[in-house]
Amino acid sequence: MSENYEDSKLYRLRHSAAHVMAQAVLEKFPSGKVAIGPPVDDGFYYDFDLPRPLTPEDLEEIEARMREIIKANEPFIREEVSAEEARQIFDDQPYKIELIEGLEDGGIDEHGNPVDEKPVISIYKSDTFVDLCRGPHLERTGQINPKAVKLMNVAGAYWRGDEHNPMLQRIYGTAWLSPKELKQYLWRLEEAKKRDHRKLGKALDLFSVSDEVGSGLVLWHPNGAKVRFLAERFWEDEHLANGYEFVYTPHIGKADLWKTSGHLDFFAENMYAPIEIENQQYYLKPMNCPFHIEIFKSGIRSYRDLPMRFAEKGTVYRYERSGVMHGLLRVRGFTQDDAHHFCTPKQMPEEIDFVLSFSLHILRSFGFNEIKAYLSTRPEKAAGDPERWRDAEAALEASLKRAELPYELDEGGGAFYGPKIDLKIQDALGREWQLSTIQFDFNLPERFDFTYIDEDGHAYQPYMIHRALMGSIERFFGILIEHYGGAFPVWLSPVQAVIIPIADRHVAFAREVSKVLKDAGLRVSVDERSDRMNAKIRDAEQQKVPYMLVVGDREMENNQVDIRRRSGERLGAMLVDDFKALALKDVAEKVEG
RNA sequence: GCCAAUGUAGCUCAGCGGUAGAGCAGCCGAUUCGUAAUCGGCAGGUCGUCAGUUCGAAUCUGACCAUUGGCUCCA
């Protein structure tokens with residue numbers, strides 16, 4: 001998204017297309033009420049309150065009518081009106097009246113947020129449609145290319161985005177300068193579907209979610225579990241090499257624990273109902289922090305012990321509303337690669353530096369190089385002393401600067417217990433996903449009242465940092481699948497090479513090759529089926545196996561394998577030992593492709 | 001949770017009032033082949049679940065469950 005999207009012709013075009021659509025809808029439903037209809041990233045939408053639900057056939061009709069309106073080449077005419085005049089123009093449009101009142105009351109925009117400048121009320125007329133609108137628009141409907149507009153789908157949307165308000169029908173459309181760009185956009189959507197982790201999860205037999213088990217509860221199949229195992233092993237090695245200590249904690253804890261932590265006050269609606277036994281209530285854990293704190297509290301801690309870094313791949317359960325689950329990216333049971341750092345105030349800047357650069361190192365190791373950072377600061381309602389907030393925010397910001405990481409400020413976007421840095425990554429199609437989070441916590445040290453003994457012999461409260469790098473391993477895996485389109489780098493591939501004997505007489509040799517490679521620690525299999533070589537290649541390609549090793553008479557004679565990459569590239573015949581060296585190098589260097 | 005759509009064999013889908021079909025995958029057999037699908041045969045389904053309407057329901061109705069696209073929420 002370019003920064004001046006709002007000044008672009010594309011923006012005006014989409015905004016204008018939204019008006020044309022609204023006109024077509026109102027012609028079809030004269031009693032319909034209109035809400036708002038702005039341009040969005042790849043198109044536009046308009047929200048309506050209509051007498052009945054829209055059908056796909058309605059959309060076709062509306063789209064056809066839009067083309068007629070475009071061909072009529074009606075001008076868009078802007079007028080400025082007083083609030084009183086506006087009220088008269090829109091007297092049968094309650095949502096517009098509400099908007100007018102917002103403008104009149106000293107500036108509230110269409111989303112209900114206050115705006116600074118004194119608003120001018122403007123309307124735009126085009127043909128039979130009049131809309132309360134700040135613009136801007138094209139000069140005429142004819143400037144929209146009728147072949148570059150398409151209505152995409154209908155969705156429910158609450159008026160002003162508030163679930164207490166009535167639900168409207170939102171029609172999403174897309175519009176481009178040329179039919180070619182529309183075609184490209186639709187092609188991009190098709191490509192995105194091919195990379196969808198849910199589709200690839202099935203095709204590559206990576207994971208599933210079973211109705212019998214429950215919604216949002218992931219089953220990792222052998223192939224997916226292999227990738228996870230390899231990712232976790234790397235994660236473990238890196239943590240051990242970087243001053244972390246591993247801990248393990250249970251899945252449930254007593255109600256009092258969650259009362260102390262504040263979860264029952266602030267997080268209860270995301271928690272599963274308690275399990276009662278021997279008159280005690282136990283809750284399934286939605287987070288790991290209280291357990292790690294109890295470990296910290298289990299002994300007297302000296303400043304000499306700090307910083308302490310407790311890490312755990314902790315499986316947590318959170319109740320998510322039924323409509324929000326999404327493949328691996330939003331689930332009810334997931335494993336966080338969690339850690340809690342305890343340090344002195346003096347150590348804090350260095351600790352932040354460390355955890356930020358460690359996060360980046362981990363993400364980059366998985367091929368994520370386009371990383372976007374967000375710094376979220378103190379919200380209105382916040383626990384802890386404002387001075388400590390300022391320190392912590394400054395430390396986070398300084399760290400981002402030292403890491404030379406571009407970041408955006410999310411003013412007031414911190415958690416109630418502390419400011420944070422979130423790292424988001426883009427997949428190949430430009431969608432942004434949050435993985436890592438580095439959060440300060442001023443709340444739990446107070447609530448659990450834990451301390452360390454400083455040089456002067458007195459007890460002080462340590463600073464506490466929560467962090468998750470992959471975030472949730474489920475989500476991380478989902479994004480990893482989409483990032484690579486299922487073609488994992490060699491070091492992560494469940495099967496790294498398939499050996500393809502051309503005829504049965506080559507099977508024995510194929511097995512020998514397999515043994516040599518397996519002994520070297522490579523994951524290989526032999527396709528011994530009596531199918532033709534071409535069929536075996538096709539299957540291996542579809543399973544996105546990095547290397548296909550064809551063995552026939554020639555190879556058998558020379559102790560070679562003929563190598564084909566999943567990209568289709570042919571490397572030709574190579575000694576078995578040379579291939580072994582090549583593959584091991586790929587693994588060691590985490591080569592992609 | 002809300003709005004809408006969808007749910008038929010392992011997968012992708014057709015059938016839409018007269019008791020279930022294809023391709024791929026699977027199994028069996030034949031084939032032994034040089035860089036993206038060899039041929040033939042066999043087997044496979046309480047048509048999401050539970051009610052209801054009907055002489056008769058995969059097909060119509062309702063409730064529930066799940067999925068998809070949004071909204072809200074979360075991060």
Side-chain angles (χ1 to χ4, degrees), chain A residues 40 45 47-50 52-56 58-59 152-172 189 193 196 198-199 202-205 208-217 267 269-270 286-287 318-327 329-332 334 336 374 376 410 413 415 420 422-424 432-437 439 468 471-472 475 498 500-507 528-543 548-556 562-573:
Chain A
V40 290
Y45 68 80
D47 288 345
F48 304 94
D49 192 347
L50 300 175
R52 66 163 175 84
L54 290 162
T55 64
D58 291 332
L59 283 198
M152 302 300 283
N153 54 353
V154 187
Y158 298 108
W159 165 237
R160 286 197 148 149
D162 185 332
E163 65 177 317
H164 303 293
N165 286 338
M167 180 155 280
L168 309 171
Q169 296 192 69
R170 172 173 299 178
I171 305 177
Y172 279 99
L189 288 184
K193 272 189 208 157
D196 190 312
R198 292 165 301 185
K199 196 180 160 95
K202 224 175 243 177
L204 303 179
D205 197 14
S208 63
V209 179
S210 157
D211 260 22
E212 303 298 313
V213 176
S215 180
L217 302 170
F267 209 70
E269 60 190 33
N270 284 296
M287 294 187 194
R318 297 180 185 175
Y319 167 71
E320 298 284 359
R321 298 213 273 182
S322 57
V324 307
M325 254 83 71
H326 183 87
L329 303 181
R330 187 80 182 274
V331 292
R332 284 181 173 161
F334 57 97
Q336 295 180 306
Y374 292 83
S376 302
D410 183 2
K420 59 176 183 166
D422 290 331
L423 300 183
K424 302 188 184 188
E432 220 171 67
W433 306 97
Q434 184 193 320
L435 298 182
S436 312
T437 184
Q439 309 182 338
S472 128
R475 173 180 285 186
V498 171
I500 299 176
I502 289 177
D504 286 351
R505 63 178 180 280
H506 307 123
V507 167
E528 297 188 9
R529 295 174 305 169
S530 73
D531 276 299
R532 294 171 55 198
M533 178 198 66
N534 277 329
K536 297 180 185 181
I537 286 175
R538 184 182 145 87
D539 285 352
E541 292 264 4
Q542 288 189 332
Q543 288 301 304
M548 279 144 273
L549 312 180
V550 175
V551 297
D553 291 335
R554 297 199 293 265
E555 289 73 24
M556 213 157 92
D562 193 287
I563 300 164
R564 178 193 169 103
R565 287 188 200 271
R566 60 188 158 195
S567 61
E569 185 191 358
R570 298 273 305 274
L571 298 187

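Below, read A as the first sequence line, B as the second, and so on, with proteins coming before strands; counting in each chain starts at 1.
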Test salt bridge (charged side-chain N to carboxylate O under 4.0 Å, His left out) applied to [X] - qualifying residues, sequence neighbours left out:
X	result
A:R170	A:D47
A:D58	A:K28, A:R52
A:R330	A:E320

Pairwise [atom1] distance, [M] and [N] [rounded to whole Å]:
N	M	atom1	result
B:G7	B:U12	C1'	14 Å
B:U49	B:U8	P	10 Å
B:A36	B:C3	C1'	44 Å
B:A58	B:C50	P	12 Å
B:C42	B:U54	P	42 Å

Mind checking which nucleotides bracket the chain A contacts on RNA chain B, 5' to 3', with an atom under 4.0 Å from a heavy atom?
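Range of nucleotides within reach of chain A: B:G1 to B:A75.
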Complement of [N], any strand, by Watson-Crick or G-U distances under 3.5 angstrom:
N	answer
B:C16	none
B:U38	B:A30
B:G69	B:C3
B:U54	none
B:G23	B:C11
B:G44	none

Counting any heavy atom closer than 4.0 Å, what does A:G161 reach on the DNA or RNA strands: base, sugar-phosphate only, or nothing?
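Sugar-phosphate: the residue A:G161, judged by heavy atoms under 4.0 Å, touches backbone atoms but no base.
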Contact nearer the 5' end of RNA chain B, comparing A:M287 with A:I563:
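The 5'-side residue here is A:I563.
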Closest-nucleotide mapping onto RNA chain B: is A:L168 or A:G327 further toward the 5' terminus? I mean the 5' end.
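The residue closer to the strand's 5' end, by nearest nucleotide, is A:L168.
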Non-neighbouring partners of A:D162 that pass side chain to side chain contact (heavy atoms under 4.5 Å, CB included), sequence neighbours left out
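Residues passing side chain to side chain contact (heavy atoms under 4.5 Å, CB included) with A:D162: A:H164, A:N165.
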What I want to find out is whether A:D422 reaches A:K420 closely enough, with some N-O distance under 4.0 Å, to be called a salt bridge.
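So A:D422 pairs with A:K420 through a salt bridge.
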Among A:R564, A:R566, A:K536, find the residue that satisfies the salt bridge (charged side-chain N to carboxylate O under 4.0 Å, His left out) test when tested with A:E541.
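The residue from A:R564, A:R566, A:K536 that satisfies salt bridge (charged side-chain N to carboxylate O under 4.0 Å, His left out) with A:E541 turns out to be A:R564.
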Considering residues at least two apart in sequence or located in another chain, which fulfil the ring-ring contact (aromatic ring centres under 6.0 Å, His included) criterion with A:Y374?
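With neighbours one apart ignored, the set is empty.
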